[in-house]
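Naming convention: chains lettered A, B, ... in sequence-line order (proteins, then strands); numbering from 1 in each chain. These numbers come from the heavy atoms of this one structure, side chains and all, not from hydrogens, waters or symmetry mates. Please read all numbers here as calculations on a predicted model, not as lab measurements.
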Amino acid sequence: MESGMISVDRWSRGSQVYFLTHLHADHVRGLTPNWTRGPLYCSRITAKLFPIKFSGFDLSLIRIVEIGHWHSVSLLSPSSGSSTTVYFMAIDAHHCPGAMMYLFRGEFGCTLYTGDFRWESTSERAQNGRTMLLNALKDLQLDMLYLDNTYCNPTYSFPSREVAARQVLSIISSHPNHDIVIAVDTLGKENLLLYISRVLKTKIWVWPERLQIMHLLGFHEIFTTKTSLTRIRAVPRYSFNIETLEELNTIRPTIGIMPSGLPWAQKSARGKDNFSFTWHTNITTSISTSKTIGGSLTAGSYDKYIYRVPYSDHSCFPELETFVEFLKPINIKGIVSSSTSYVEPLYHFGHLCRTQQESEFLFQKLRSKGCEKVEVIHAKSPFGDTSTVPLGRKRRIRRIFSTGNHVSRVRLLRRERQGVKIVDRDPD
DNA sequence: GCGATCAGTT
DNA sequence: CACAACTGATCGC
């Protein structure tokens, strides 16, 4: 097996410590309740939700990482065999509750793993994140950026969640006597629901398991499992389809709202018509306020009962572009590699990267100024030994670095659902 | 009965 | 159609 140090959202053996960005299923595939491979670092919120997903997990293996502080852990360097210190900092990813990015710094250089994230230009939370990153990177060059490349293609352009939320509200308001069902996952889109609840001054129905999660997140009054209390219900996305809506409509007039990033590709002028979607235009007449966004997007539906709204927890292309330009990393890799449509971020963002030479020049400059300091606010002990145990289950993505050699390369490109496996050095 | 993988769904 | 996120069937032990 390969010798390794750290894995992020990846749960195969060979690492000394493991980091989790957030609790969505495609990031915990491979985690099991009998997890014994090492300490697991995550956010406080993720830790709080953890027992729900992984009943029985040995919570003593969980290490909470506070946002915005440098932490450290000492690990065995696979290259030298001796002890080496890795510093890391978590930053709010503004994806789903508990989602964080991780910035690492060690003998391998400096690496940022975004996990899934959305940083809108108008978002205050994103602005905080930018400031935090800027301060953390002050004198450092970012050698590697692992990027949420879900929508890493210029055809993907959609409005901020704030704007999309107003569209949802507009749709609801134009159906004052309808029941409303909104498709959501087990985690995420809470802010949309909170917004609706606040503006319309109404509770929102959720299914019992979801109510438990809402309570853990600290929302105690807003959500209910009693149908009689509200006409607005958030339902599991997998139970949401045209047939369901038609059945519901035999009982009461009901519309469905599907918040989703995907179909909102901008109709590109350069004639890639594989992205031309046809929308029923009846809707846009009923919600005039959301008729157009960014010039070419319209709220649409693919069914007379279902409305799609471009509400996404992943950054759209222009946001990714801004993000990369802001960081000017030396190298970029995507964290999502679904076999059919993996887009190499360097193809689109290579021109925004800093070259190795520029980086060395910068480094010399900084050096001559003699500034170098890392403030360690919270030091963590290395992996605890022995006692081990419990739980978890599921898995996915990627190990970031394995050795002191930070010239990594793709070793294996599996046809897994997602994820290349990256190893920095030959296994033995 | 468990995890791992595949297939299918919105 | 794209996609993320999820469920459920099936295989192997």
Side-chain angles (χ1 to χ4, degrees), chain A residues 9-13 21-37 52-57 93 95-97 99 115-118 148-158 161 181-189 207 209-210 213 234-247 256-268 272-279 297 300-303 305-317 320 334-343 390-397 414-419:
Chain A
D9 291 352
R10 186 172 215 288
W11 311 103
S12 50
R13 80 182 113 173
T21 59
H22 65 289
L23 268 180
H24 278 158
D26 50 338
H27 290 253
V28 295
R29 219 168 55 226
L31 256 186
T32 68
N34 0 307
W35 176 257
T36 58
R37 285 179 182 156
I52 295 197
K53 277 252 179 192
F54 302 103
S55 157
F57 197 96
H95 175 63
C96 68
D116 292 349
F117 81 104
R118 181 148 196 203
D148 174 8
N149 57 323
T150 303
Y151 295 123
C152 185
N153 186 302
T155 52
Y156 293 122
S157 180
F158 38 75
R161 283 170 290 192
V181 295
I182 304 172
V184 298
D185 290 316
T186 54
L187 194 60
K189 313 256 198 297
W207 64 103
E209 294 81 2
R210 196 57 157 101
I213 290 173
V235 303
R237 200 164 57 167
Y238 56 83
S239 74
F240 185 100
N241 56 45
I242 293 172
E243 289 74 45
T244 313
L245 262 293
E246 281 172 353
E247 273 174 40
I257 295 175
M258 173 79 81
S260 163
L262 179 72
W264 303 98
Q266 204 156 23
K267 291 159 194 161
S268 73
K272 286 228 164 181
D273 48 21
N274 43 331
F275 280 106
S276 67
F277 302 96
T278 54
W279 304 110
L297 296 173
S301 75
Y302 54 85
D303 178 81
Y305 299 123
I306 298 181
Y307 293 75
R308 277 183 178 266
V309 179
Y311 189 103
S312 169
D313 283 327
H314 294 271
S315 294
C316 64
F317 185 82
L320 292 175
I335 65 170
V336 180
S337 68
S338 68
S339 48
T340 53
S341 67
Y342 177 77
V343 180
L391 126 77
R393 80 170 219 232
K394 273 171 192 184
R395 113 139 160 248
R396 141 175 169 171
I397 322 230
R414 307 234 183 175
R415 52 179 174 78
E416 305 178 27
R417 271 260 191 259
Q418 28 213 329

| To the nearest Å, how far apart are A:F54 CZ and B:dG3 C1'? | 13 Å
| field | A:T186 vs C:dA5: side-chain N/O to OP1/OP2 distance below 4.0 Å | value | no
| salt bridge (charged side-chain N to carboxylate O under 4.0 Å, His left out) partners of A:D313, counting only residues at least two apart | A:R161, A:K189
| task | Figure out the CZ/C1' separation between A:F117 and C:dA4, and round it to whole Å. | result | 16 Å
| Under 3.5 Å, is there a donor-acceptor pair between the side chain of A:S315 and the main chain of A:F117? | yes
| said: Nearest to the side chain of A:D185, heavy atoms from C-beta on, is which of B:dG3, B:dT10, C:dA5? | reply: C:dA5
| said: Just to verify, what does A:R210 make a side-chain contact (heavy atoms from CB on, under 4.5 Å) with, not counting sequence neighbours? | reply: A:V184, A:E190, A:V206, A:W207, A:I213, A:M214
| Atom CZ of A:R118 and atom P of C:dA5: how far apart are they, to the nearest Å? | 13 Å
| message | Nearest to the A:H95 side chain among C:dC6, B:dT10, C:dA5, which nucleotide is it? | response | C:dA5
| request: Mind calculating the distance between CG (A:D9) and C1' (C:dA5) to the nearest angstrom? | output: 14 Å
| task | Quickly work out the A:E243 CD to B:dT10 P distance and round it to whole Å. | result | 7 Å
| Rounded interatomic separation in angstrom, taking CZ from A:F240 and C1' from C:dA5 | 15 Å
| task | Could you check whether A:S239 gets within reach of a base, just the sugar-phosphate, or nothing at all, counting any heavy atom under 4.0 Å? | result | nothing
| task | Kindly say whether A:I335 contributes a backbone atom to a donor-acceptor pair with the side chain of A:N149 at under 3.5 angstrom? | result | yes
| field | Nearest listed nucleotide, side chain of A:Y238, among C:dA5, B:dT10, C:dC6 | value | C:dC6
| said: Given B:dT10, B:dG3, C:dC6, identify the nucleotide with an atom nearest to the side chain of A:H24. | reply: C:dC6
| message | So if I take every side-chain heavy atom of A:N34 and compare against C:dA4, B:dT10, B:dG3, which nucleotide ends up nearest? | response | B:dG3
| Sugar-phosphate, base or nothing in reach of A:H22, heavy atoms under 4.0 Å | nothing
| Which nucleotide sits closest to the side chain of A:Y156: C:dA4, B:dT10, C:dA2? | C:dA2
| query | Whole-Å distance between C:dC6 C1' and A:M258 CE? | reply | 12 Å
| request: Whole angstrom is fine here: how far is it from CG in A:D116 over to C1' in C:dA5? | output: 10 Å
| task | Indicate yes or no for a side-chain donor-acceptor contact from A:R308 to the backbone of A:S260 under 3.5 Å, with no hydrogens or angles considered. | result | no
